[in-house]
Amino acid sequence: KGCWENEASAWMKRTLPVLAVVVLALAALPLLPFQAVTYVLRVLTLGFVYLVLAQSYDIVGGTMGYVNLGHIAFFGVGAYAFGITYNAGYSLLPSLVASLAVVAVFAGLISYPFFRLRGAYFSLAAFGLVKLMEYVTSNLGWLTGGSNGLKILAAERTVPMYYLTLGLVLLAVAATWLINRSRLGLAMKSIREDEAVARDFGVPTLRVKAQALVISSMFPAVLGGLYTWYLNYINPSEVFGLKIALQPVAMAMLGGSGLTLGPVVGSVFLYAVEELISAQFPYLQSALLGLIIVLVGLFMPGGIIRVPMVERFLERIGLREEDQ
């Protein structure tokens, strides 16, 4: 344990200066006097949304090894819980708290039946939950607005949303780092390696899995509320859609699932590639993006962050993290 703590402390000492420079640069961006700053902030804000989703997915999908294709359900439920509460006359903070509370209870309730499934059965059941929630919100028109969507009071919130999502990115990365080096993280990794052996050695596997799911649900819950507050409008096909459901999973896996910086690298890479493709080849966007994902999966099965050249670069700038 002492060796692990010393290694983690050394990694943080190397990493913090680099992260501080990056965060300060991003924080100063809205203050720069160039004409396209609003557009850049909106692009980066959407990138932060995907990054938080990928990072929070990896708590269960990477650290614990359960591929949760239903992770976006927490985002959608949080978005609707926020919108309904906000329209009832509450301000931003109480609405976010309500969103967080509803999603935490929701995650706790579904954890026990869902985690009795394993492998592909768990993934399919989780993805089925997303489509179920899309169907439910589409048919509860009196509460959710149905297929017409849910609207809240409109206002310009580009800069506040940018800072809030940037803060959420930092919280998600810090939480993942702390979990990976905690007793809970060790229990989750033992489940990933061999759940039966972990149970035989006294790990309360069902409780650990439920805790992991609730923790991972908190970030998309808050993010869903902020997303509604930012856009002033949501509909079932948007917050429970196929792209937003699968893209964070692809980002985490492409970057390097199970490592703190893996989802960050995957999110930056995939989102940047997607923006470049959409600008140059809008009609071929889906095909080219799919081709890139397949090629990375074939030639970099451990993720981009585990490629020797990338590992050497991260080590040079003090960001390399060893597999635990």
Inset, instruction - Say whether Ile84 and Tyr90 are linked into one hydrophobic cluster, either directly or through other cluster members, by side-chain heavy-atom distances under 4.5 angstrom. - result: no
Inset, instruction - May I have the step-by-step check of side-chain contact (heavy atoms from CB on, under 4.5 Å) for Leu213 and Ile110, ending in yes or no? - result: CA-CA 9 Å; Leu213 190 68; Ile110 68 170; 4.1 Å; yes
Inset, instruction - Test Val102 against Val77 for side-chain contact (heavy atoms from CB on, under 4.5 Å), laying out the working first. - result: CA-CA 8 Å; Val102 169; Val77 171; 4.0 Å; yes
Legend entry - salt_bridge(Glu193, Lys189) N-O dist < 4.0 Å: no
Inset, instruction - Quick one: closest heavy-atom pair of Pro236 and Thr137, and the distance? - result: CB-OG1, 3.5 Å
Legend entry - Within-4.5 Å side-chain heavy-atom neighbours: Asn148 and Asn235: no
Inset, instruction - Flag yes if Leu168 and Val97 sit in one hydrophobic cluster, no otherwise; membership is Ile, Leu, Val, Met, Phe, Trp, Tyr, and two members link when side-chain heavy atoms are under 4.5 Å apart. - result: no
Inset, instruction - Nearest 0.5 Å please: distance from the OG atom of Ser56 over to the CE atom of Met218. - result: 12.0 Å
Inset, instruction - May I ask you to check whether over 12 heavy atoms, not counting those of Tyr233, lie within 6.0 Å of atom OH? - result: yes
Inset, instruction - Write down the atom of Ala187, the atom of Val203, and the distance for their closest heavy-atom approach. - result: CB-CG1, 4.0 Å
Inset, instruction - Check whether any side-chain heavy atom of Pro94 sits under 4.5 Å from a side-chain heavy atom of Thr85, and report yes or no. - result: no
Inset, instruction - Quick one: pull up CG in Leu242 and CZ in Phe127 and give me the separation to the nearest 0.5 Å. - result: 5.0 Å
Legend entry - Test item: Thr165 and Tyr230 side chains (from C-beta on) under 4.5 Å apart, heavy atoms: no
Legend entry - Residue pair Arg306 / Ser257: nearest heavy atoms and the distance that separates them: NH2-O, 3.1 Å
Inset, instruction - Give a yes or no on whether the backbone of Val67 and the side-chain of Ser123 come within a donor-acceptor separation of less than 3.5 Å. - result: yes
Legend entry - From OH (Tyr39) to OG1 (Thr158), nearest 0.5 Å: 13.5 Å
Legend entry - Closest heavy-atom pair and its distance - Trp229, Arg157: O-NH1, 2.6 Å
Legend entry - Note, Lys209 side chain near Phe122 side chain (heavy atom, < 4.5 Å): no
Legend entry - Heavy-atom side-chain contact between Leu150 and Ile234 under 4.5 Å: yes
Inset, instruction - Give, for atom CG of Leu117 and atom CZ of Phe114, the distance between the pair rounded to the nearest 0.5 Å. - result: 7.5 Å
Inset, instruction - Look only at the side chain of Tyr162 and the backbone of Leu26, and say whether a donor-acceptor pair between them is shorter than 3.5 Å. - result: yes
Inset, instruction - Answer whether the closest heavy-atom distance between the side chains of Tyr66 and Ile191 falls below 4.5 Å. - result: yes
Inset, instruction - Consider only side-chain heavy atoms of I, L, V, M, F, W and Y, link residues closer than 4.5 Å, and tell whether Tyr135 and Tyr80 are in one cluster. - result: no
Legend entry - Steps toward ring pair (Phe, Tyr, Trp, His ring centres under 6.0 Å) verdict (Phe74, Phe219): CA-CA 9 Å; Phe74 304 133; Phe219 295 99; over 10 Å; no
Legend entry - Which atom of Gly256 lies closest to which atom of Ile305, heavy atoms considered: CA-CG2, 3.9 Å
Inset, instruction - For the pair Tyr163 (side chain) and Ala27 (backbone), establish whether a donor and an acceptor sit closer than 3.5 Å, ignoring hydrogens and angles. - result: yes
Inset, instruction - Return yes when atom NZ of Lys131 has more than 12 non-hydrogen atoms of other residues, nucleotides or ligands closer than 6.0 Å, and no otherwise. - result: yes
Inset, instruction - Using atom types as modelled and distance alone, determine if a side-chain donor or acceptor of Ser99 lies under 3.5 Å from a backbone N or O of Gly78. - result: yes
Legend entry - Phe82 and its side chain to side chain contact (heavy atoms under 4.5 Å, CB included) partner, picked from Val222, Leu223, Leu92, Leu100: Leu92
Legend entry - Ring geometry between His71 and Tyr57 (parallel below 30°, tilted from 30 to 60°, perpendicular above 60°): perpendicular
Inset, instruction - I would like to know whether Thr176 and Ile59 meet side-chain contact (heavy atoms from CB on, under 4.5 Å); could you show each step before the answer? - result: CA-CA 7 Å; Thr176 305; Ile59 294 174; 4.1 Å; yes
Inset, instruction - State, yes or no, whether a side-chain contact exists between Glu238 and Ile244 at a heavy-atom distance under 4.5 Å. - result: no
Inset, instruction - Would you kindly say whether Glu274 and Tyr50 are connected by a side-chain donor-acceptor distance under 3.5 Å? - result: no
Inset, instruction - Answer yes or no: is there a side-chain heavy-atom contact under 4.5 Å between Met251 and Leu53? - result: no
Inset, instruction - Answer yes if Phe75 and Leu270 sit in the same cluster of Ile, Leu, Val, Met, Phe, Trp and Tyr residues linked by side chain heavy atoms under 4.5 Å apart, and no otherwise. - result: yes
Legend entry - Residues Leu206, Arg116; criterion side-chain contact (heavy atoms from CB on, under 4.5 Å); working and verdict: CA-CA 8 Å; Leu206 195 57; Arg116 295 186 182 278; 3.8 Å; yes
Inset, instruction - Might you point out which heavy atoms bring Pro263 and Thr260 nearest each other, and give the distance in Å? - result: CD-O, 3.6 Å
Inset, instruction - Consider only side-chain heavy atoms of I, L, V, M, F, W and Y, link residues closer than 4.5 Å, and tell whether Leu276 and Leu46 are in one cluster. - result: no
Legend entry - Distance (rounded to the nearest 0.5 Å) between Leu129 CG and Leu69 CG: 11.5 Å
Inset, instruction - Measure from the side-chain N and O atoms of Tyr271 to the backbone N and O of Leu44, and report whether any donor-acceptor pair falls under 3.5 Å. - result: no
Inset, instruction - Can you measure from CG (Leu184) to CG (Leu178) and round to the nearest 0.5 angstrom? - result: 11.5 Å
Inset, instruction - Please collect all salt bridge (charged side-chain N to carboxylate O under 4.0 Å, His left out) contacts where either partner lies in residues 40-61, sequence neighbours excluded, each pair once. - result: Arg42-Glu156
